[in-house]
Q: 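Okay, here's the structure, questions in a sec.
Note on naming: letters A, B, ... go to the chains in the order of the sequence lines (proteins, then strands), and numbering restarts at 1 for each one.
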Amino acid sequence: MASIKPSVPKGTRDFSPAEMAKRNYIFDTIKSVFRKYGYQQIETPAMENLSTLTGKYGEEGDKLIFKILNSGDYLLKVDQQLLLSLNVQRVTAGISEKALRYDLTVPFARYVVMHQNEIAFPFKRFQVQPVWRADRPQKGRYREFYQCDADVVGSESLLNEAEFVMIYDEALGKMGLKDFTIKINNRKILSGIAELIDKSDNITDLTVAIDKIDKIGLDGVSKELLERGFSEDDIEKIKPVILLQGTNEAKLASLRATLAGSVIGIKGCDEIETVLNYIAGNPLRTAKLELDITLARGLNYYTGAIFEVKTNEVQMGSIGGGGRYDDLTGMFGLKGLTGVGISFGADRIYDVLEELDLFPQTASQGTKVLICCFDADGEKFALPLLKQLRDSDIPSELYPAGAKIKKQLDYANARQVPFTIMIGSDEMQSGLLTLKDMVSGGQEKLPADEIVKKLKA
RNA sequence: GUAGGCAUAGCUCAGUUGGUUAGAGCACCAGAUUGUGGUUCUGGGGGUCGUGGGUUCGAGCCCCAUUGCUUACCCCA
């Protein structure tokens, strides 16, 4: 059989032991903070019904969903005319009814609706699982990556928003990030701005354009708005809002003045202020909290708060995001249930921590001692000792007999095992075993009990 | 979807205007060392130069195509 050159699909990666240790450090840190704030973990299947996912992420998003082909002779079940039509969308619906999850929020909404009778609201859940996107990979962008989501459904309180800011602050600070910004905005403010220029029905174009202010500047945004049917007059009206400067309080005051004529706009200001007040009572440790009204994000289901987290220490896209959606479960038939949530992008956080060299030297959580013996007799002699070590919760291994000592010690070094125990004829005769410190190179002869005691310390 | 860059040993990469048998470091295996590694020395295995075509007396190098990877745009974690 011809051998195939081994490879993994574009944008996916293997994780070796050293990487897993670091990844688990990130996951464990985030999970511990989630738990501390009262969130409970759930998991949902890697695949969902395609119909559950389509239409939730906009036109672009739908294209990025990985579809799973039906099983069996699925082509026979499809109308031949349809196949010949070459209409991708309709043919897809005929040959695929499952897809890999694209994010954790939509599956969660489905979960809430399906389990509504067993859930105690407000329901605070967290979820740490991979998601898949058929995107073009590039720096910090993968086709399989983990999201760490925390959401609350069934609570309108803005305390939730404030707690999410605290969770970001605490979790990212715990991982050693020193300089990062939590940007916050409110969809109602954006609605107010649209109202101001009587373009409420075109809020998507407006938000998409002003979201780019950092990248393409005011001129670029103006140009894009003109192309999308906004007038010079409109742009003049909203210009002061887009170009807001100063402290969060100053921005808020200015917004209130500009949006005075918009009920919804003022509501957005009120909400932001409430969140800021909650935070003021519990000052953040590390994060900067910045009201940024250019923050719009693509997701069109946000209705209140919008979050995005960026590190200022390295060049990297956002490492977290989230917001409030008043009616996410509505599309699954459960109306009027509000939700707010955030997400950590674990893979990007990994890249950031790696670049900043912030991973702790997790004192080799691996094997602590390797027993090396010179022959089969030594191996037999070592077995009770191995059991004794493991009964004392000392991670230990016995190198199978037959290999040269050099090879066994090489193995210990490669695995970064800090201690070895040598067992040869001398040791078996005297009962004094040779314990070797692989870092210092020193060794001493001790009875088994002493060794266990010493390694346990 | 749009545009650029790269492809040579398991890994990271050299390879001169196109010229004889394609190199280095790391890793691996063996020996120096019959009971001692992480430093040293010696030797060894490893290659369809991504694939296919073309130009040429001659191609790792030039041209065309193709595949894969990668970076940026769009969008996103």
Side-chain angles (χ1 to χ4, degrees), chain A residues 2 4-13 16 26 30 57-65 88 101-105 128-149 168 204 207-209 211-212 215-216 220 224 295-300 307-311 315-323 341-352 370 372-375 378 399 403-429 433-443 445:
Chain A
I4 294 165
K5 195 178 171 190
S7 63
V8 295
K10 193 187 338 190
T12 67
R13 300 144 302 156
S16 297
I26 294 175
I30 294 172
Y57 309 105
E59 207 175 313
E60 289 297 310
D62 280 0
K63 287 186 201 156
L64 301 181
I65 296 172
V88 174
R101 78 166 91 78
Y102 178 89
D103 72 353
L104 300 180
T105 308
V128 177
Q129 289 191 274
V131 303
W132 293 270
R133 295 185 187 179
D135 220 343
R136 292 247 170 146
Q138 51 187 269
K139 186 178 166 67
R141 172 181 295 183
Y142 306 98
R143 300 217 287 187
E144 177 185 61
F145 62 98
Y146 273 71
Q147 287 190 329
C148 312
D149 273 31
Y168 271 135
T204 306
T207 53
V208 165
D211 189 29
K212 296 177 185 165
K215 280 183 189 166
I216 59 179
E224 184 152 339
L295 174 60
R297 296 176 59 82
L299 296 178
N300 46 20
F307 300 111
E308 183 166 287
V309 186
K310 289 209 66 171
T311 169
Q315 185 62 43
M316 176 64 75
S318 64
I319 54 176
I342 56 167
S343 178
F344 287 84
D347 300 79
R348 284 189 176 174
I349 292 171
Y350 183 102
D351 290 348
V352 170
L370 176 73
C372 307
C373 29
F374 291 92
D375 51 34
Y399 199 102
K404 290 184 175 179
I405 287 297
K406 171 173 162 49
K407 187 159 174 108
Q408 302 189 33
L409 293 177
D410 278 343
Y411 174 80
N413 281 327
R415 294 278 310 279
Q416 296 189 303
V417 178
F419 292 98
T420 51
I421 295 170
M422 307 284 183
I423 295 178
S425 52
D426 292 356
E427 284 82 359
M428 284 188 276
Q429 224 157 42
L433 312 181
T434 302
L435 176 68
K436 184 179 182 69
D437 182 326
M438 294 300 285
V439 180
S440 70
Q443 53 189 60
K445 294 212 162 190

Q: So what does A/Gln408 hit on the nucleic acid, given a heavy-atom distance under 4.0 Å: a base, only sugar-phosphate, or nothing?
A: nothing
Q: Under 4.0 angstrom, heavy atoms only, what part of the nucleic acid is A/Ser318 near: base, sugar-phosphate, or nothing?
A: sugar-phosphate
Q: Please give me the minimum heavy-atom distance between A/Thr434 and A/Gln443, naming the atom from each residue.
A: CG2-NE2, 3.5 Å
Q: Side chains of A/Pro130 and A/Arg101: closer than 4.5 Å at any heavy-atom pair?
A: yes
Q: Rounded off to whole Å, could you give me the CG-to-C1' distance for the A/Asp347 and B/C76 pair?
A: 13 Å
Q: How about A/Leu409 and A/Cys372: do any of their side-chain heavy atoms sit closer than 4.5 Å?
A: yes
Q: Report the C-alpha distance between A/Tyr146 and A/Phe344 in whole Å, list the side-chain angles of each, state the deciding distance to 0.1 Å, and finish with yes or no for ring pair (Phe, Tyr, Trp, His ring centres under 6.0 Å).
A: CA-CA 9 Å; A/Tyr146 273 71; A/Phe344 287 84; over 10 Å; no
Q: Write down the distance between CG (A/Leu370) and P (B/G38), rounded to a whole number of angstrom.
A: 15 Å
Q: Establish, with yes or no, whether the OP1 or OP2 oxygen of B/G35 is under 4.0 angstrom from a side-chain nitrogen or oxygen of A/Lys404.
A: no
Q: Which letters describe nucleotides 67-73 of chain B, given B = protein heavy atom under 4.0 Å from base, S = only from sugar-phosphate, - = neither?
A: --SSSBB
Q: Go through B/U36, B/G35, B/C76 for me and flag the one nearest to the A/Arg133 side chain.
A: B/C76
Q: Can you see which heavy atom on A/Ala346 is nearest to which on A/Ile26, and at what distance?
A: O-CD1, 4.0 Å
Q: Tell me which nucleotide among B/G37, B/U36, B/A77 gets nearest to the side chain of A/Lys406.
A: B/G37
Q: Can you measure A/Lys407 atom NZ to B/G38 atom P for me and round it to whole angstrom units?
A: 14 Å
Q: Determine whether a donor-acceptor pair (one donor, one acceptor, N or O, separation below 3.5 Å) exists between the side chain of A/Asn413 and the base of B/G38.
A: no
Q: Which residue lies toward the 5' end of RNA chain B, A/Ser440 or A/Tyr146, if each is placed at its nearest nucleotide?
A: A/Ser440
Q: Quick one: do A/Asp135 and A/Arg143 make a salt bridge, cutoff under 4.0 Å?
A: no
Q: On a whole-Å scale, what distance lies between the P atoms belonging to B/U48 and B/U8?
A: 12 Å
Q: Grab the OH-C1' distance between A/Tyr102 and B/A77 for me, whole Å please.
A: 10 Å
Q: Say you draw a straight line from SG of A/Cys373 to CG of A/Leu433; how long is it, rounded to the nearest 0.5 Å?
A: 11.0 Å
Q: When you check the gap from the basic side-chain N to the acidic O, do A/Arg133 and A/Asp103 get nearer than 4.0 Å?
A: no
Q: Let's see if you can work this out: which of B/G35, B/G37, B/C29 has an atom nearest to the side-chain heavy atoms of A/Met438?
A: B/G37
Q: Would you kindly give the CG-to-P distance between A/Asp375 and B/U36, to the nearest whole Å?
A: 14 Å
Q: For A/Phe145 and B/A77, are the ring centres under 5.5 Å apart with planes inclined under 30°?
A: yes
Q: Pick base, sugar-phosphate or nothing for A/Lys310, based on heavy-atom distances below 4.0 Å to the nucleic acid.
A: nothing
Q: I'd like to check A/Asp351 versus A/Met316 (side-chain heavy atoms, cut-off strictly below 4.5 Å). Are they in contact?
A: yes
Q: If you look at every strand shown and take non-hydrogen atoms under 4.0 Å, does A/Val131 touch a base, only sugar-phosphate, or nothing?
A: nothing
Q: Choose from B/A77, B/G37, B/G31 the nucleotide whose nearest atom is closest to any side-chain atom of A/Asp410.
A: B/G37
Q: Base, sugar-phosphate, or nothing: which does A/Tyr142 touch, judged by heavy atoms less than 4.0 Å apart?
A: base
Q: Rounded to whole Å, how long is the line connecting atom CD1 of A/Ile405 with atom C1' of B/U34?
A: 12 Å
Q: For A/Thr420, report the nucleic acid contact type (base, sugar-phosphate, nothing); a contact means any heavy atom under 4.0 Å.
A: nothing
Q: Can you tell me how far P in B/G25 sits from the matching atom in B/G45, rounded to whole Å?
A: 15 Å
Q: Take atom C1' in B/A24 and the same atom in B/G37, then report the distance between them in whole Å.
A: 27 Å
Q: What's the closest nucleotide to the side chain of A/Asp135 if the choices are B/G38, B/U36, B/C75?
A: B/C75
Q: So what does A/Glu308 hit on the nucleic acid, given a heavy-atom distance under 4.0 Å: a base, only sugar-phosphate, or nothing?
A: nothing
Q: Between B/C61 and B/A7, how many Å separate the two P atoms, rounded to a whole number?
A: 11 Å
